[in-house]
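Within every chain, numbering begins at 1; the chains are lettered A, B, ... in the order of the sequence lines, protein sequences first and strands thereafter. Just so it is clear, the model here is predicted, and its values are computed rather than measured.
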Amino acid sequence: MSVDATPTRTAVLLGAQRFQPTLAAAVRETGVKGRIALVTAGWQEREDEDEELVQHLDGNTINLMLYKRGEQLFREDREFALAHKERQNLLRSLQDVYRLRLERALDAEAVVRLSKQPESIRHEVEQACIDAIRDLDAWHLYQCAKVRAEFNEKWKPLQRPAIARHRGDLIESLSDCGAIAIAGGHVAVLVNRLLLFGLESLIGARTVFAWSAGAMAVSQRVVLFHDDPPQGQGASEVLDAGLGLVPNVVVFPEPETRLKLDDGVHVGLIARRFAPSRCIALPARASVVLHDGKVVRTSGAVHLNHAGDSLPS
Amino acid sequence: MSTARIIDELINAWGDAPKLRAFLNAHSFPLVQDSHVTFVWIGQADAVNVRHWVYGLESSTTLTRAPNTDLWHLTLEIPGNSRVEYKFEILREGRAEWIEDPLNPNRARDPFGANSVLQSAGYVSPDWTQPDELARPGLLERIRVPSRTYGHRVVQVYLPARYRKTRRYPLLVVHDGSDFLNYTGMKTVLDNLIHRLEIPELVVAFTDSPDRLREYAADEGHAGYVTNDLLPFMNAKFPLIDEPRARCLLGASFGAVASFSTAVRHPGVWGRLLLQSGSFAFTDIGRRNRRGPLFDRIVEFVNAYREKPTAMSQRVFVTCGVYESLIYENRSLVPLLDATGMQVKFVEARDGHNWQNWRDRLREGLSWLFPGPLMFVYE
């Protein structure tokens, strides 16, 4: 379940930009006119250290400074800040409970799959295990949406004077921007700041460029993942809904270091778990162009499919 | 090919210089065949021994001389995934000389020099211990810390790449800090683990002692220095998270005792402990441990803790090599820690009492004590 947002007209999802930046080329290719609004809130305290990014885009940018605005807002509106903190604690508790249940559901799926069930029931019991995981994912998304909806109902954030003032600034900053570029970083912080100021409703028809955590944030569901962590076996978990600007796509950035793409069973499980959404891995230099929510062009991206293959998207 | 056949091939090459050279060039030494490891030394001697530091094997084992050659060899059974440090002891005319293995380029350095290193089947040197050009390097700076106990001490402080005063960081205090930097390459390890998001950005104080055998032997003065001098100084100078969960003590051998003793003497201050191959000597009867008088104060301290274990920390990561005599003491300590309700993780490795063992366990220990933002940050 995503927030209320219609698919942005054109969205370009890119691979990580730190070592092999492709953003400027993508901007040129889409023929965007005007300034580019930057969102680097995922960098948190380092939000304003955007010199390389600005230079890469020839300086024709304005940073919306959503992280800093958030900090300022919490200082100004203490009552709201406390309520917001309480909501975040609630979401964290939900995440912990979901993770506990998910670990067991993932274990059950693996045990059943490896237990060599009779051929006549094998497909059905395996699918039942995956359905249990999908149900859990859906339950978690529903609970998160419920917490957010109750919070919005009670606090009406966009009507609070401090937020309304920031939104006014943002509308002005965006007025001569033809596009918005959303960088990676801490995905939970990024999603929070974007939602806090209701940015999804301010983007309009502007083209959205997003990479790494930015690409996750603009999609319908944010899925956290790592196949080779230093502790535990590694798993994927749904964090929350994203902005929903890019529907029906689950994004997996940095697959080079995070995903075991050569593990067919694992890849197939990811694809079946998040179906009917397309699971797309975005290595460095990859790009996916969507128009009105439909994929119209890809380069270097990898599509994870049900058969367990990871094919050029 | 079996070990015996390889040895035969080597012996058959003797007397044919090109053939012998070709054999030596074609193989890595010691020769590793599954769990069988063959040490080879070439030269004139009256006898040749392998000297190693594997608790459980005889400390000296003698190489056999192939008849009518200067080829010496010895095959031992060493389990897979093992690291063994060793030297050759060459005996000539009643004199003994300890040398590194000239056929084996693998070395491990320590404060006493270097040893040759046998890596048995399956052991891989972790990639996160090697410099990574993609990892942003942190900075090391030397800082003079005023101390009521010692007058002053110089500490090397590691600040992570992109350090900012507006952020708050966890603090890690490392005993034998210079040795950790020199012999485990700990700066590289920190740079890499932070780059990989496996641990958070943290501030590290590498401390040293001019008299470690005394100060690290469960000494109250040292515990006071670390907790009452160093910690407040670091808190005042750097933006640290001022909570026990964000404070960790790390040490190996006597340094682990120093960490443990500091946490026990100041309960609730240090929420994280990383104890490597701790010299946790104790007795079940009497006051003297077989290890000698250097351990007397440690025995007294550990005995007292064993009598009345306390939950002085929150998370404790204990690690020890199975080829160390200290494995007994460490295995004995873990259930006591566990029973106090602290979160305890114990990891054994097929390795000895040495710096590479301690290096190889840093990733697992640090990432368990201070989990990084791996699942949340996608740059």
Requested in this report: Could you tell me which portion of B:L366 (side chain, backbone, both or neither) has an atom closer than 4.5 angstrom to a non-hydrogen atom of chain A?
Outcome: neither

Requested in this report: May I have the step-by-step check of ring pair (Phe, Tyr, Trp, His ring centres under 6.0 Å) for B:Y378 and A:F225, ending in yes or no?
Outcome: CA-CA 10 Å; B:Y378 304 76; A:F225 67 101; 5.5 Å; yes

Query raised in the report: Backbone N or O of B:E364 within a donor-acceptor pair of the A:Q231 side chain at under 3.5 Å?
Result: yes

Requested in this report: Name the member of A:R258, A:E49, A:H226 that forms the most heavy-atom pairs with chain B at distances under 4.5 Å.
Outcome: A:R258

**Report entry** Interchain contact, B:K165 with chain A, by part (heavy-atom threshold 4.5 Å)
**Finding:** neither

Query raised in the report: What option among B:R162, B:E198, B:R363 has the most heavy-atom pairs under 4.5 Å with chain A?
Result: B:R162

Requested in this report: Against chain B, label A:L239 side chain, backbone, both or neither, depending on which of its atoms sit under 4.5 Å from a heavy atom there.
Outcome: side chain

Query raised in the report: Is it the side chain or the backbone of A:A217 that comes within 4.5 Å of chain B heavy atoms, both, or neither?
Result: neither

Query raised in the report: Can you find a heavy atom in the side chain of B:I199 that is under 4.5 Å from one in the side chain of A:P230?
Result: no

Query raised in the report: In terms of heavy-atom contacts, does CD of A:Q55 have more than 12 from other residues, nucleotides or ligands at under 6.0 Å?
Result: no

Report summary line: Rounding to 0.5 Å, atoms CD (A:E45) and OG1 (B:T166) come to a distance of 5.5 Å

**Report entry** More than 12 heavy atoms of other groups within 6.0 Å of A:K68 NZ
**Finding:** no

Query raised in the report: Donor-acceptor pair, B:R167 side chain versus A:R46 backbone, under 3.5 Å?
Result: no

Query raised in the report: So which part of A:E254 gets closer than 4.5 Å to some heavy atom of chain B, the side chain, the backbone, both or neither?
Result: side chain

Query - Pairs of heavy atoms under 4.5 Å with chain B: top-ranked of A:A213, A:G185, A:P253, A:A215 - result: A:G185

**Report entry** Check against side chain to side chain contact (heavy atoms under 4.5 Å, CB included), A:Q17 and B:E379
**Finding:** CA-CA 8 Å; A:Q17 294 291 299; B:E379 288 191 311; over 6 Å; no

Report summary line: Under 4.5 Å to a heavy atom of chain A? For B:R196 that would be neither

Query - Nearest heavy-atom neighbours spanning B:R164 and A:D48 - result: NH1-OD1, 3.6 Å

Query raised in the report: Within a radius of less than 6.0 Å around CD of A:E52, do more than 12 heavy atoms belonging to other residues, nucleotides or ligands occur?
Result: no

